[in-house]
Every structure is written in structure tokens, then in C-alpha cells.
Amino acid sequence: MSEDHFKKLVSHCKEYGFIFQSSEVYDGLAAVYDYGPYGSELKNNIKAYWWKAMVQMHENIVGIDAAIFMHPKTWKASGHVDAFNDPMIDNKDSKKRYRADQLVEEYVERKVLKKAEKEIEKARKRFGDDFDEEQYKTTNPRVMGYLEKAKTITTRLNTSLTNEDLEDVKNLIEELEIACPESGSRNWTEVRQFNLMFNTQLGTIAGEAGKLYLRPETAQGIFVNFLNVQKTTRQKIPFGIAQIGKAFRNEIVARQFIFRMREFEQMEMQFFVKPGEQQKWYEYWKEARMKWHQAIHPAEALRYHDHEKLAHYADAALDIEFQFPFGFRELEGIHSRTDFDLGAHQELSGRKIQYFDPEINESYVPYVVETSIGLDRMFLATMANALVEETVPDADGKDSTRTVLKVHPALAPVKCAVLPLLKNKEELTSKAREIFDRLKLSFACQYDEKDAIGRRYRRQDAIGTPFCITIDFDSLEDDTVTIRERDSLQQERIAIADIDKIVSERVNMKSLF
Ligand code: GAP
């Protein structure tokens with residue numbers, strides 16, 4: 001996947017009503033996006049797939065929908081007031097603000113690892129089928145040098161960040177001679193911490209006391225409701241609480257379309273376990289979540305990435321990364337959060353937040369393993385993986401190019417399009433409408449009679465509709481239609497009475513499990 005593919009993806013999202021820039025008439029609002037008609041359908045289907053996998057398929061996981069606003073003490077207890085910061089640095093000439101850690105990471109990727117990759121590719125061509133990449137990486141002095149350099153820089157960055165040694169992060173930027181991507185200047189300010197939470201003011205209380213935050217993660221709504229949910233659903237440990245909802249972060253650098261937004265949606269699940277059993281459940285969720293991704297994405301586009309630098313609440317953490325058009329990046333996080341959050345809320349609220357375990361006749365603060373995925377990132381991954389340009393034979397048997405969204409049928413925004421062969425033949429359109437009115441009770445359907453049939457097929461391909469049904473003159477005689485399958489382009493004659501069953505079976509989420 002390339003930069004070019006990414007550009008096409010962004011314009012496809014706009015042209016076909018998946019995603020629009022927020023407040024576009026006012027030239028947009030940076031890193032905030034609106035989902036259009038097909039985008040919101042696809043997003044809802046991704047949510048449904050997640051909810052089914054996490055809540056419906058697990059007897060011991062229940063869902064909630066907590067408010068975005070929470071008592072401000074929540075964020076003190078969680079550590080977000082004191083520690084939810086990114087190190088920022090400004091360029092004095094361009095006046096552009098950057099994340100200092102990202103400047104260093106990008107340097108490592110572009111200036112160091114890219115060179116190693118180039119050497120490896122050259123060798124691969126030279127040695128052909130006999131090439132052993134692992135052996136080459138550990139024996140070729142030049143490649144070893146690049147990899148060692150990347151490791152040294154990354155370790156130093158992580159150590160400086162962990163020790164909050166921002167002066168050393170600045171030193172590192174200077175030593176590596178990193179220049180502002182905009183101005184090319186190396187005239188930098190000091191590195192400072194920047195809190196990522198948005199805040200607002202409660203109308204009835206003036207000053208600090210009325211300061212509210214927009215939640216930067218949905219997880220805290222789950223933690224503060226732990227006892228409410230456990231008691232009302234009589235769950236026994238281990239059990240989980242799941243939630244889908246908006247989160248807000250004042251990202252310093254928000255870019256790459258919907259990859260990093262200031263307002264986004266998370267799908268999070270906190271799994272409460274007996275202390276000491278967190279490692280076992282961490283492994284369980286690591287596998288389970290990868291399987292969920294692999295049902296819709298190719299295995300080679302996914303990988304694990306263990307965290308070197310752990311967040312303040314974690315004793316183990318990893319990302320499931322996806323190969324986006326701009327490289328492998330975090331799609332989902334799996335975090336073993338210990339008893340940090342429940343313990344902190346217990347302490348600050350003064351209320352006992354514990355589970356009485358009847359098996360050992362003891363109360364304790366449970367440990368937590370969290371799975372946390374950004375819905376918008378999952379949307380981007382799904383689109384990036386599915387959007388394809390390919391050459392296919394047209395109606396006259398000549399080659400033509402089509403843009404097709406090969407999204408899994410269970411996630412497709414529209415499942416079936418109903419197309420009368422001709423627009424101005426009332427007998428065809430009324431028969432098509434009759435079929436459409438029946439099918440729309442079962443799944444998302446679209447009726448389309450405008451333009452030649454080939455163009456209508458292409459429109460449906462572009463939004464990922466897995467099936468097109470064409471009603472022609474034979475349909476009036478024998479109650480059959482042509483069903484066209486999006487990916488294979490195979491056309492088959494089937495009975496009108498069978499359409500519902502055939503399409504329903506193929507678009508059912510069952511096929512993802
Ligand atoms: N409760 C844990 C938590 O929030 P995180 O790694 O900060 O962990 C979890 O975020 C997921 O949320 C990420 O893997 C990513 O998919 C998504 N995410 C985080 N920040 C985002 C942003 N600014 N825009 C879009 N998605 C974001």
C-alpha cells in the first residue's frame with residue numbers, strides 16, 4: 001500500500017459519502033470528521049461486529065453506556081490530570097508545534113530503518129529464492145549498524161520519557177540534527193509537557209470547582225460503575241464490562257485523516273480478574289482479539305507490538321498493529337492495568353470498591369485486563385484493506401478499470417441493490433419496487449433505476465454492495481432475476497422467492513465467527 005493509495009482512499013471516502021471534513025463550509029475543523037450515509041452504516045456494522053463478539057458471545061461480559069462528562073475527581077484518580085501529557089516542541093521559525101517523541105520516531109523510521117530496508121531489498125534481489133532475511137540482518141555489518149542505531153535512539157528516547165527528562169529529549173533532537181519538516185529550520189523551543197484533556201465549565205459553578213473534562217477514554221465510565229454492574233448483574237469474577245462511546249483528546253499533531261482525531265470513538269472492554277491471574281487473561285485476550293481482526297483482515301497486515309514504555313497504570317501492554325497505507329501502526333491496545341484504577345477510585349472516593357470472592361471467602365480489588373480499539377481506526381483499516389482498483393471485462397468483453405470496495409459482506413453498508421433493467425418500463429420498475437419493498441425488511445437495500453446498468457453496477461461496487469439484483473423482461477414471465485456477486489462478477493439466474501435467503505445467508509455476521 002502506498003501514499004498514492006492513501007490519497008485515493010481519502011478522496012473516495014468523500015466522493016461516495018463515507019466521510020466528510022467537519023464544518024467544511026467554514027473550511028473545516030482540523031482532525032474532526034463527520035461520517036456520511038455509507039460511512040455511518042459501515043461504522044454501525046463494525047460496532048455491531050464488536051458488540052456481538054465481546055458481549056453477545058460471552059456470558060460473562062455485559063455492556064454499558066456511560067456519560068461523557070464525569071466527576072472531575074475521576075480524572076485526578078485515573079492519573080489523567082497529572083500524567084496524560086505529550087511532550088511538545090515548537091519550531092520558532094515556522095511556529096509549528098510537534099510532538100517531540102514523534103519527531104525522533106519519524107527520524108528513526110525515515111533516516112535509519114528505511115536505509116536498512118533498502119539494503120535488505122537489494123540483497124533479496126541479488127540472492128533470489130536463497131535469501132534468508134533473518135540471517136542477513138544478523139550478519140551484514142551495514143544492516144546491523146542501522147538496526148543498532150535505531151535501537152540505541154529508541155531506548156534513549158524511552159528512558160528520557162520514562163524519567164521525564166525532557167531536556168534530554170531536546171538534546172536528542174539536536175544531536176540527530178532533526179529539522180522542522182515545514183521550514184527546514186533547527187531553531188527549537190524547549191520540550192514541554194502538554195495535557196491532552198479538553199475541558200469545559202459547568203454552567204452553575206464558577207471557577208476551578210466547575211471545571212469538567214471531556215473524557216479522554218471510555219474506560220473510566222466502566223471503572224466507576226464496577227460495583228453497580230457487578231451487583232445488578234450478579235457477575236462472578238472473571239467477568240467483563242464493555243462500552244462503545246466517544247472520547248476526546250487535544251492531540252498536538254492530528255493527521256493522517258481519521259487515524260488521529262481530536263474527537264473519536266472507542267470500543268473498550270475491562271475484564272476483571274483475580275489478582276495473580278492477569279497474565280493468563282492477558283494472553284487470552286491477545287489471542288481472542290487477533291482472531292477477531294483476522295476474520296476480516298489478511299493475517300500479514302496484522303502484527304503484535306509489545307510496549308517498551310508502559311503507561312502509568314500497566315504491568316504489561318501490547319498493540320495490535322495494522323498495515324495502514326502509511327505503515328504499520330497501532331489499531332488496538334491490550335493492557336494489563338493491574339488494580340490501579342479501581343484502587344485509585346477507592347482511595348479518592350473513600351468508598352470500598354472491592355469484590356467479595358465466595359470461593360476464597362475474601363474481598364479484594366480485582367485486577368483488570370483491558371482491550372481498547374479505536375472505532376475510527378478500525379474503519380480506516382477496513383476501508384484501506386477493502387478498496388481496490390482492478391481491471392475487469394466490461395459488457396462488450398473489453399478491459400475496463402473498476403474501483404471496488406471488497407468489504408466483508410457482513411460489514412457492507414448496503415447488502416443488496418435492486419435494479420430494474422430499464423427506467424421507463426413501468427412493468428419492470430413496479431416489479432423491482434415490489435422486490436425492494438420485501439427485501440428491505442431483511443437487510444439494508446437500495447433501489448436504483450438511473451443510468452445504464454453497467455454504471456449502476458460500478459456505483460454499487462464503489463460503496464461495496466455485495467449483491468446486485470437485476471429485473472428484466474424474463475423476470476415478468478418466470479419470476480426469476482439475475483444476481484451479480486461483487487467480487488467474482490459471477491451472474492446467476494435465481495428465483496425471486498430465493499433472493500432473501502441467499503443474500504441473508506451471505507451477509508450474516510455468523511460467517512465471521
Ligand atoms: N483506555 C486505554 C486507552 O485509551 P489508548 O492506547 O490511548 O488506550 C486506545 O487508546 C485506542 O484508541 C488506540 O489503540 C486507538 O485505536 C484509539 N485512539 C487513541 N487515540 C486516538 C485518536 N486521537 N484518534 C483516533 N483513535 C484514537
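- Contact detail for Trp285 and Met54: the closest heavy-atom pair is CZ3-CE, 3.7 Å.
- The nearest pair of heavy atoms linking Ile334 to Arg289 is CD1-CG, 3.7 Å.
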Practice item. Determine, stepwise, if the pair Met383 / Leu405 fulfils side-chain contact (heavy atoms from CB on, under 4.5 Å). Key: CA-CA 7 Å; Met383 289 293 289; Leu405 191 70; 3.9 Å; yes
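- A 4.5 Å side-chain heavy-atom check between Ile173 and Tyr107 finds every atom pair outside the cut-off.
- In this structure, Phe324 has its ring center closer than 6.0 angstrom to the ring center of Phe259.
- Within the 3.5 Å criterion, the main-chain N or O of Val407 finds a donor-acceptor partner in the side chain of Arg486.
- Counting only distance, with no hydrogens or angles, the side chain of Asn225 and the backbone of Gly221 share a donor-acceptor pair below 3.5 Å.
- No donor-acceptor pair closer than 3.5 Å links the side chain of Asp86 to the backbone N or O of Glu251.
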Return all side-chain donor-acceptor pairs below 3.5 angstrom for residues 39-49, not counting sequence neighbours, or 'none' if the list is empty.
from, atom 1, to, atom 2, distance (Å)
Ser40, OG, Gly36, O, 2.8
Ser40, OG, Pro37, O, 3.3
Lys43, NZ, Glu265, OE1, 2.7
Asn44, ND2, Ser40, O, 3.3
Asn45, ND2, Glu41, O, 3.3
Asn45, ND2, Leu411, O, 2.9
Asn45, ND2, Ala412, O, 3.1
Lys47, NZ, Glu265, OE2, 3.1
Tyr49, OH, Trp292, O, 2.7

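- Within the 4.5 Å cutoff, the side chain of Val368 has no heavy atoms near those of the Phe340 side chain.
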Point to revise | Residues Phe257, Tyr33; criterion ring pair (Phe, Tyr, Trp, His ring centres under 6.0 Å); working and verdict | key: CA-CA 9 Å; Phe257 196 35; Tyr33 291 91; 5.2 Å; yes
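- The side-chain heavy atoms of Val32 and Met261, taken from C-beta on, include no pair separated by under 4.5 Å.
- His335 places no side-chain N or O within donor-acceptor distance of the main-chain N or O of Arg337, the cut-off being under 3.5 Å.
- Ring centers of Tyr38 and Tyr16: at least 6.0 Å apart, outside the cut-off.
- Residue Glu283 qualifies as enclosed at atom CD: its count of foreign heavy atoms under 6.0 Å is above 12.
- Counting only heavy atoms from C-beta outward, the side chains of Asp339 and Tyr364 never approach each other to under 4.5 Å.
- Within a 6.0 Å sphere centred on NZ of Lys118, heavy atoms belonging to other residues, nucleotides or ligands number 12 at most.
- Residues Met509 and His408 form no side-chain contact, since every pair of their non-hydrogen atoms from C-beta on lies 4.5 Å or further apart.
- Annotation: side chain of Glu389 is not in contact with side chain of His5 (no heavy-atom distance under 4.5 Å).
- Between Arg458 and Thr401, the shortest heavy-atom contact is NE-O, 4.2 Å.
- Between Asp34 and Ser23, the shortest heavy-atom contact is OD2-N, 4.1 Å.
- Residue-environment remark: CG (Asp65) stays at or below the threshold of 12 foreign heavy atoms within 6.0 Å.
- Under the 30°/60° scheme for interplanar angles, the aromatic rings of His58 and Tyr284 are found to stand perpendicular.
- A salt bridge links Lys14 to Glu24: at least one charged side-chain nitrogen sits closer than 4.0 Å to a carboxylate oxygen.
- With sequence neighbours excluded, the residues satisfying salt bridge (charged side-chain N to carboxylate O under 4.0 Å, His left out) with Arg124 are Glu121, Glu133.
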**Study point:** Steps toward side-chain hydrogen bond (donor to acceptor under 3.5 Å, both in side chains) verdict (His345, Gln220)
**Key:** CA-CA 10 Å; His345 288 306; Gln220 297 304 324; 2.7 Å; yes
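- Of all the heavy atoms in Met290 and Ile320, the pair that sits closest is N-CD1, 3.8 Å.
- Ring planes of Phe6 and Phe326: perpendicular class, angle over 60° (limits at 30 and 60°).
- In this structure the side chain of Ile153 never reaches within 4.5 angstrom of the side chain of Glu175, judged on heavy atoms.
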Practice item. List the steps, then state whether side-chain contact (heavy atoms from CB on, under 4.5 Å) holds for Asp132 with Phe127. Key: CA-CA 9 Å; Asp132 180 338; Phe127 295 115; over 6 Å; no
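- Residues Lys211 and Trp75 are not in side-chain contact: their nearest non-hydrogen atoms beyond the backbone lie 4.5 Å or more apart.
- Other residues, nucleotides and ligands place no more than 12 heavy atoms under 6.0 Å from the CD atom of Glu164.
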Distance-only donor-acceptor pairs under 3.5 Å for side chains of residues 299-307, two or more places apart:
from, atom 1, to, atom 2, distance (Å)
Arg303, NE, Glu321, OE1, 2.8
Arg303, NH2, Glu321, OE1, 3.0
Tyr304, OH, Lys286, O, 3.1
His307, NE2, Asp319, OD1, 2.6
His307, NE2, Asp319, OD2, 3.3

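- Formation of a donor-acceptor pair under 3.5 Å by the Asp93 side chain with backbone atoms of Asn187 is not found in this model.
- By the 4.0 Å N-to-carboxylate-O rule, Arg329 lies close enough to Glu109 to be salt-bridged with it.
- Judged by distance alone, the side chains of Glu332 and His293 do bring a donor and an acceptor atom under 3.5 Å apart.
- Between Thr218 and Gln266 the shortest heavy-atom distance is N-OE1, 3.0 Å.
- When atom types are taken as modelled, the side chain of Arg377 and the backbone of Leu331 share no donor-acceptor pair closer than 3.5 angstrom.
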Review point. Could you go step by step and tell me if Phe272 and Tyr355 meet the ring pair (Phe, Tyr, Trp, His ring centres under 6.0 Å) rule?
Key: CA-CA 10 Å; Phe272 299 93; Tyr355 170 76; 9.6 Å; no
**Study point:** Worked check of side-chain hydrogen bond (donor to acceptor under 3.5 Å, both in side chains) between Asp376 and Tyr35
**Key:** CA-CA 10 Å; Asp376 312 87; Tyr35 284 82; 2.7 Å; yes
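- With sequence neighbours excluded, the residues forming a salt bridge (charged side-chain N to carboxylate O under 4.0 Å, His left out) with Lys76 are Asp82, listed by chain and number.
- Summarising the geometry, atom CE belonging to Met88 is positioned 12.5 Å from atom CZ belonging to Arg99; distances are rounded to the nearest 0.5 Å.
- Between Trp281 and Phe271, the ring planes lie tilted relative to each other; the angle falls in the 30° to 60° range.
- Surrounding CZ of Arg126 are more than 12 heavy atoms belonging to other residues, nucleotides or ligands, all under 6.0 Å away.
- Under 3.5 Å, the side chains of Glu182 and Asn91 contain no donor-acceptor pair of N or O atoms.
- Glu268 contributes a side-chain N or O that, together with a main-chain N or O of Ala219, makes up a donor-acceptor pair within less than 3.5 Å.
- Because its NZ or CZ atom is not both nearer than 6.0 Å to the ring centre of Phe69 and within 45° of the ring axis, Arg215 does not count as a cation-pi partner of that residue.
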Exercise for review: Would you sort out whether Val169 and Leu157 count as a side-chain contact (heavy atoms from CB on, under 4.5 Å), showing the intermediate values?
Suggested key: CA-CA 6 Å; Val169 178; Leu157 174 69; 4.2 Å; yes
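- Here Glu287 pairs with nothing under the salt bridge (charged side-chain N to carboxylate O under 4.0 Å, His left out) rule; sequence neighbours left out.
- For the ring-ring contact (aromatic ring centres under 6.0 Å, His included) test, no residue two or more places apart in sequence or in another chain qualifies with Phe223.
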